[in-house]
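Note that the structure is predicted; figures quoted are calculated from it, not measured. Heavy atoms only: backbone and side chains are in, while hydrogens, waters and symmetry mates are out. Whatever order the structure lists them in is the order used to number ligands and atoms, beginning at 1.
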Amino acid sequence: MPSLEHYISIINTEITQNFLASIEEPKELYKPVEYILSNGGKRIRAVMTLIAANLFTEDIYKALAPALGIEVFHNFTLLHDDIMDKATIRRGNPTVHLKWDENTAILSGDAMMILANKLIAQAPINALVPVLQTFNKTALEVCEGQQYDMNLEQKDVLKLTISESEYLEMIKLKTSVLIGASLKVGALCGGASIEQADILYNYGLNIGLAFQIQDDLLDTFGNEAEFGKRIGGDIIEGKKTYLLIVALENASKDDASILKATINKTDISDEEKISIIKTIYIKTKAKEIAEKKIESYFETAKKFLDQLNFPNVKLKAIMQLEASLKKRIK
Ligand code: IPE
Ligand code: IPE
Ligand code: MG
Ligand code: MG
Ligand code: MG
């Protein structure tokens, strides 16, 4: 079976040589599309689509357009997410709404959503209906998840009781369902049954939960050069992350008061705020608890994959991908 690098290179070639060559005018609309799609990104979703297809067919080109569609959709969500999160850096570069302006990020994002649809609609005819149903359901769920993310952001931390289950439902919708759908769409394009495709979807949901908790963790404890985003961005935006929920649960009374008061403070610098909150995260072992949670979702994911009974040789690329995701927190 091909290696992970092989799948990544197929996606990158398709993006640069075919997809970007097909969008030209007006350049004000399409330059930001080119910018976001050629400035890196791990391509995990598109690769998952190809890998899943390849588990059921030799001809992975059946899944190439939908794989690209999912990647374009993901990148569209980033354009709008960065406006919503007031993010300044993505993949080590200025975000589209800063490099251009908000209107540009909105409209180029809209165009990407439509382009994504066009690509998804090129799924093999025998898989087209379930592929479109899966994609549309997922795309709407991502919007729902982003709304819950904002609702939680607005929630006053002084009265804060965010249950872990509320948080998990939010990240399932904003992040995990698309990872599940990437695999499901690939499997369907490759000729899998709905049952097989759904097992891969559940595998992806659990990988996605691990992935978003890890993203929260790296947002505070990561290295900016590797993470490509501003460290502490979630703290400054008042995001209700896994680290915050764990810290509020485990902090002493005094630390919990400091934590709550600090989040609301407007008279200290961003750096000071990040430092005070990070210290409490460290004291409450929020990082270690998050790491355990991540590991447990990877384990649950594996149980779903095992249900499909593929020999290990067939799972080489998916295992490489899992390993590369796990390595990000080490
Ligand atoms: C970022 O996704 C958005 C989240 C769901 C955390 P990725 O970390 O997959 O972003 P890229 O595409 O690799 O930059
Ligand atoms: C990402 O959540 C969810 C979507 C983009 C739909 P985040 O807001 O945590 O993603 P990053 O950290 O900006 O990549
Ligand atoms: Mg964001
Ligand atoms: Mg966000
Ligand atoms: Mg994040």
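Geometrically, Lys174 does not engage Tyr148 in a cation-pi contact, judged by NZ or CZ lying under 6.0 Å from the ring centre and within 45° of the ring axis.
By the criterion of a heavy-atom distance under 4.0 Å, the side chain of Val142, and not its backbone, is placed next to ligand 2. Of all the heavy atoms of Asp149, none lies under 4.0 Å from any atom of ligand 2, so neither backbone nor side chain is involved. Proximity of Asp215 to ligand 2, defined as any heavy-atom pair under 4.0 Å, is confined to the side chain (atoms from C-beta onward).
A salt bridge (Lys or Arg N to Asp or Glu O under 4.0 Å) check over residues 68-86, counting only residues at least two apart or in different chains, returns the pairs Arg43-Glu71, Asp81-Arg90, Asp82-Arg90, Asp85-Lys239, Lys86-Glu237.
Taking every non-hydrogen atom of Asp81 and a distance limit under 4.0 Å, the qualifying atoms of ligand 2 come out as 5 (C), 7 (P), 8 (O), 10 (O), 11 (P), 13 (O).
For Asp81, the N, O or S atom closest to the Mg ion (ligand 4) goes by the atom name OD1. Atom OD2 is the N/O/S atom of Asp85 found closest to the Mg ion (ligand 4).
Considering backbone and side-chain N/O atoms, Lys229 comes within less than 3.5 Å of an N/O atom of ligand 2. Considering backbone and side-chain N/O of Arg91, one or more are found under 3.5 Å from N/O of ligand 1. Between Glu71 and ligand 1, no pair of N/O atoms sits closer than 3.5 Å. At least one N or O atom of Arg45 sits closer than 3.5 Å to an N or O atom of ligand 1.
Residue contacts with ligand 2: Gln212 is included, with a non-hydrogen atom under 4.0 Å away. Look at His74 and you'll find every heavy atom at least 4.0 Å from all atoms of ligand 2.
Look at Asp215 and Lys229 and you find a salt bridge, because one of the NZ, NE, NH1 or NH2 atoms lies within 4.0 Å of a carboxylate O, short of that distance.
Here the protein heavy atom with the shortest distance to atom 3 (C) of ligand 1 is Leu78 CD2, 3.9 Å.
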